[in-house]
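Scroll down for the structure; my scribbles are underneath it.
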Amino acid sequence: MTLLLQIHAQMIRNHFFLDPFAASKLIEFCAVSDFGNLHYARKLFDQIPEPNTFTWNTIIRGYSNSPFPKPSLHLFNKMLKSRATPNSFTFPFVIKACSHLAACKEGEQLHGFILKSGIDTDLFSVNGLIHMYGTCGKIDLARMLFDTSPERDLVSWNSMLSGYVNCGLLQEARNVFDEMPKRAVVSWNAMINGYIKCGEIDAARDLFDKMPTQNVESWNILIAGYAKCGRLESSRKIFNEMPEKNVVSWSAMITAYAQGDHPKEALVLFDEMKNCNVKPNWKTIVSALSACAHLGALDRGKQIHRYVDQSKMKIDSIIATALIDLYAKCGCIENAVRIFDVLPSKDVFTWTAMIGGLAVNGHGEKALELFSQMKEAGVRPNEVTFVGVLCACSHGGFVEMAKEYFDSMRTIYGIQPQIEHYGCMVDILGRAGHLKEAVSFLESIPVKANSVLWGALLGACWIHGDAKIGEYVGDLVIELEPDDGGIYVLLSNIYATVGRWDDARNLRMRMKSKGLSKSPGRSSIEVQGTIHEFYVGDKLHPRTEEIYLMLDEINLRLRFVGYTPNTSYVLFDVENEEKEEAVSYHSEKLAVAFGLISMEAGEPIRIVKNLRVCRDCHTALTFISQIFKRDIIVRDRNVFHYFRDGSCSCRDYW
DNA sequence: CGGCTAGCCA
């Protein structure tokens with residue numbers, strides 16, 4: 001590229017006339033070669049007073065091969081208005097651009113134009129059209145072209161095959177695959193991909209084993225395929241066995257872990273990848289960041305953020321969204337805002353991440369303010385945006401506003417509310433104590449309320465100590481989800497709070513006889529880049545002894561300021577002392593104790609918990625933040641708690 | 001004067 005620029009500069013110095021041929025050559029170098037610079041090519045092109053067909057073809061080809069092929073179509077239309085006429089070389093590029101953009105209308109227009117113009121077309125254009133129609137879902141038109149074409153080559157067959165795969169027509173794809181006279185590796189890959197798209201991973205594997213030679217992509221397709229079916233061990237096995245890996249292989253495996261609820265493994269693999277000197281690209285980074293966000297691993301996330309800065313990777317809206325999500329999910333909302341504010345172009349994903357981040361961090365008003373800014377900026381909210389907006393209403397306690405936003409989804413934006421949105425509404429009504437209204441809401445919605453929705457309402461009954469509605473709702477949930485131990489515990493806790501010990505005990509017995517248990521509380525804390533996990537009362541950590549000593553000190557000092565454990569609803573059938581012990585060793589307390597002994601004074605303690613914080617721990621943590629002069633940030637299953645100087649950001653309302 | 005088109009896994 002540098003050399004090219006030098007030559008061009010020389011030409012300008014010597015006052016060479018930039019004739020269309022020389023210009024085309026220059027443009028070709030800029031636009032088409034791998035180290036190309038489309039921007040420069042376009043500048044050159046715009047300087048040419050009268051481009052000829054060759055020049056037009058070159059610039060159109062440049063755009064059609066780039067990730068942003070749209071200008072190809074625009075330039076083609078301009079070409080038609082100019083004196084240059086398109087020829088048989090022009091069409092394949094424009095068709096490719098249409099394919100790439102899935103621009104069906106433009107493609108059909110182009111097809112009509114080609115037929116009318118009488119300009120010679122060859123197999124390349126026909127193949128392009130077959131592919132274009134396949135991509136746009138007009139598979140019948142593709143088939144017609146394929147059947148009526150006087151000749152066919154491997155590319156024609158492959159285009160037809162991928163068209164069927166794209167349209168999800170597995171049987172037709174298989175027919176083409178069986179009939180084709182010759183198969184390339186790409187044909188096999190397309191067919192394997194077809195099976196995976198239709199969820200038939202074992203058939204895909206069968207084909208993979210039968211193909212004569214596999215390439216890296218074949219292996220990569222299988223990694224992703226197994227991951228889609230939730231078979232992570234098989235993905236990993238493929239990953240380990242493959243003869244050579246490229247950056248996509250690594251990214252595919254990291255993404256499989258990140259999206260398959262194994263964020264720790266994702267990060268381990270990310271480190272391994274760097275040790276193997278494979279350079280991560282933006283997709284790897286996004287997956288790694290999302291793993292950090294899941295774990296609440298702030299230090300690791302910051303480390304990756306630094307890497308992005310150092311490697312001069314462009315912070316586009318995709319990476320920015322991942323970073324905003326990371327900082328929001330780690331409770332560093334200021335960092336998220338900082339990234340958001342300097343980002344020049346924000347898309348709906350960026351706005352949505354920021355709105356949801358503010359909402360979950362307890363800044364309901366700000367989130368709603370941002371929502372109106374987003375609308376002013378002309379960005380159309382999607383269904384995820386509304387989850388964030390409703391969440392903001394929920395944490396801010398804006399019941400009436402929530403109803404308005406909820407209605408506007410359908411009336412203004414034409415978005416059908418989904419389970420998540422109903423869930424938010426139940427949450428909002430439930431928190432505000434409008435339990436009866438929440439019940440009738442759930443009974444009136446057009447879809448059948450599932451156990452998650454009723455479960456959310458049951459949680460609200462517990463918070464408000466309403467055993468009457470709780471019983472009604474609880475019975476409903478148990479009927480829907482008879483094997484969820486958490487529900488039994490919740491309902492029996494509700495009974496226990498109002499002193500209905502017999503009912504509570506009966507429920508526990510029912511639960512026990514079914515062999516159910518509640519998923520254990522788990523908290524994790526990051527200390528110097530390492531994640532430490534704690535379960536209720538576990539003694540697995542290497543520093544267990546110190547941790548329990550610290551806990552004793554905490555409990556002593558808590559008592560000193562007049563705090564006694566609230567055990568009204570836990571383990572009602574054990575002795576009082578044991579009850580106290582049970583709440584003292586909740587996983588978040590273990591994590592806090594570990595944080596206090598292992599972190600620098602003044603460093604905030606950040607904890608991620610899989611369930612919701614219980615009322616007792618909430619009170620205890622409030623006191624601890626004051627006694628030990630520590631900021632404690634707990635990420636609950638659905639909200640953040642910032643404990644500082646004896647108060648919590650959720651204003652004891654969650 | 002040029003020689004494209006098929007695959008897309010993260």
Side-chain angles (χ1 to χ4, degrees), chain A residues 19-25 27-29 32 52-58 60-62 64-65 67 87-100 121-132 134-135 142 146 149 152-166 176 180 182-194 196-197 204 208 214-228 235 238-239 242 245-260 266 269-270 273 278 280-288 290 318:
Chain A
D19 69 42
F21 175 58
S24 301
K25 276 292 172 195
I27 292 168
E28 189 180 1
F29 270 116
V32 184
N52 63 16
T53 301
F54 180 25
T55 332
W56 281 106
N57 286 355
T58 317
I60 290 174
R61 175 181 161 204
S64 81
N65 286 330
N87 62 13
S88 62
F89 291 140
T90 320
F91 300 131
F93 307 130
V94 193
I95 296 169
K96 183 179 178 180
C98 292
S99 257
H100 201 109
T121 53
D122 48 24
L123 194 51
F124 293 123
S125 294
V126 176
N127 287 346
L129 285 169
I130 292 174
H131 181 253
M132 189 270 297
T135 311
F146 180 81
S149 172
R152 256 161 238 157
D153 63 2
L154 181 60
V155 179
S156 326
W157 285 95
N158 280 336
S159 301
M160 203 58 236
L161 174 60
S162 71
Y164 279 127
V165 167
N166 180 52
V176 168
M180 57 199 300
K182 227 175 82 190
R183 292 183 196 114
V185 180
V186 293
S187 326
W188 290 88
N189 285 351
M191 194 65 233
I192 292 174
N193 203 32
I196 287 174
K197 263 198 171 158
F208 175 88
Q214 297 93 348
N215 65 9
V216 191
E217 266 141 35
S218 326
W219 293 86
N220 290 348
I221 290 170
L222 270 197
I223 294 179
Y226 279 121
K228 267 181 211 140
S235 288
I238 293 288
F239 179 80
M242 63 196 294
K245 302 174 180 54
N246 60 17
V247 60
V248 179
S249 326
W250 287 92
S251 306
M253 197 61 232
I254 291 170
T255 308
Y257 280 135
Q259 295 181 355
L269 206 63
F270 182 69
M273 172 181 178
V278 182
N281 62 19
W282 68 268
K283 285 204 178 185
T284 333
I285 296 291
V286 168
S287 280
S290 122
I318 300 176

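Here is how names work: the chains are called A, B, and so on, in the same order as the sequence lines, proteins then strands, and each is numbered from 1.
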Discussion item. Regarding A:Asn246, tell me which of base, sugar-phosphate or nothing describes its non-hydrogen contacts under 4.0 Å with the strands shown.
Written reply: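 Here A:Asn246 touches no strand at all.
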Worksheet item: Which part of the nucleic acid, if any, lies within contact of A:Asn57, taking any heavy atom under 4.0 Å across all strands shown: a base, the sugar-phosphate backbone alone, or nothing?
Response: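 Base, at least one base atom sits under 4.0 Å.
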Whole angstrom is fine here: how far is it from [atom1] in [X] over to [atom2] in [N]?
X	N	atom1	atom2	answer
A:Asn87	B:dG3	CG	P	13 Å
A:Met242	B:dC9	CE	P	15 Å
A:Asn193	B:dG7	CG	P	10 Å
A:Gln259	B:dC9	CD	P	13 Å

Worksheet item: side-chain hydrogen bond (donor to acceptor under 3.5 Å, both in side chains) with A:Ser218: which residues, sequence neighbours excluded?
Response: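 Testing A:Ser218 for side-chain hydrogen bond (donor to acceptor under 3.5 Å, both in side chains), a comparison that skips the adjacent residues, returns A:Asn189, A:Asn215.
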Item to complete: With sequence neighbours left out, write down each residue that passes side-chain hydrogen bond (donor to acceptor under 3.5 Å, both in side chains) with A:Asp122, or none if nothing qualifies.
Response: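 Residues passing side-chain hydrogen bond (donor to acceptor under 3.5 Å, both in side chains) with A:Asp122: none at all.
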Please tell me if [X] has a side-chain N or O lying less than 4.0 Å from either OP1 or OP2 of [N].
X	N	result
A:Asn166	B:dG7	no
A:Asn189	B:dC8	no
A:His100	B:dC8	no
A:Ser162	B:dG7	yes

Would you indicate which nucleotide in [options] comes nearest to any side-chain atom of [X]?
X	options	answer
A:Ala224	B:dA10, B:dT5, B:dG7	B:dA10
A:His131	B:dC9, B:dT5, B:dA6	B:dA6
A:Phe54	B:dG2, B:dA10, B:dC9	B:dG2
A:Phe89	B:dC4, B:dC8, B:dA6	B:dC4
A:Ser251	B:dG7, B:dC4, B:dA10	B:dA10
A:Thr255	B:dT5, B:dA10, B:dG2	B:dA10
A:Phe124	B:dA6, B:dC4, B:dC9	B:dC4
A:Val186	B:dC4, B:dG7, B:dG2	B:dG7

Fill in: Worked check of ring-ring contact (aromatic ring centres under 6.0 Å, His included) between A:Phe208 and A:Trp188
CA-CA 8 Å; A:Phe208 175 88; A:Trp188 290 88; over 10 Å; no
Fill in: Minimum-distance pair of heavy atoms, taken over all atoms of A:Ile238 and A:Ile223
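Looks like CG2-CG1, 3.7 Å.
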Item to complete: Using the criterion of both pairing distances under 3.5 Å for Watson-Crick and G-U wobble pairs, give all stems of 3 or more consecutive pairs involving DNA chain B.
Response: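 Counting only runs of 3 or more consecutive pairs, none involve DNA chain B.
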Discussion item. So A:Leu222 and A:Met242, do their side chains get closer than 4.5 Å, heavy atoms only?
Written reply: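 Of all side-chain heavy-atom pairs linking A:Leu222 with A:Met242, none is under 4.5 Å.
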Worksheet item: Looking at A:Phe239 versus A:Trp250, is the centre-to-centre ring distance below 6.0 Å?
Response: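 That pair passes the under 6.0 Å test.
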Discussion item. If I take atom CG from residue A:Leu154 and atom OG from residue A:Ser159, how far apart are they, to the nearest 0.5 angstrom?
Written reply: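 It is 9.0 Å, given to the nearest 0.5 Å.
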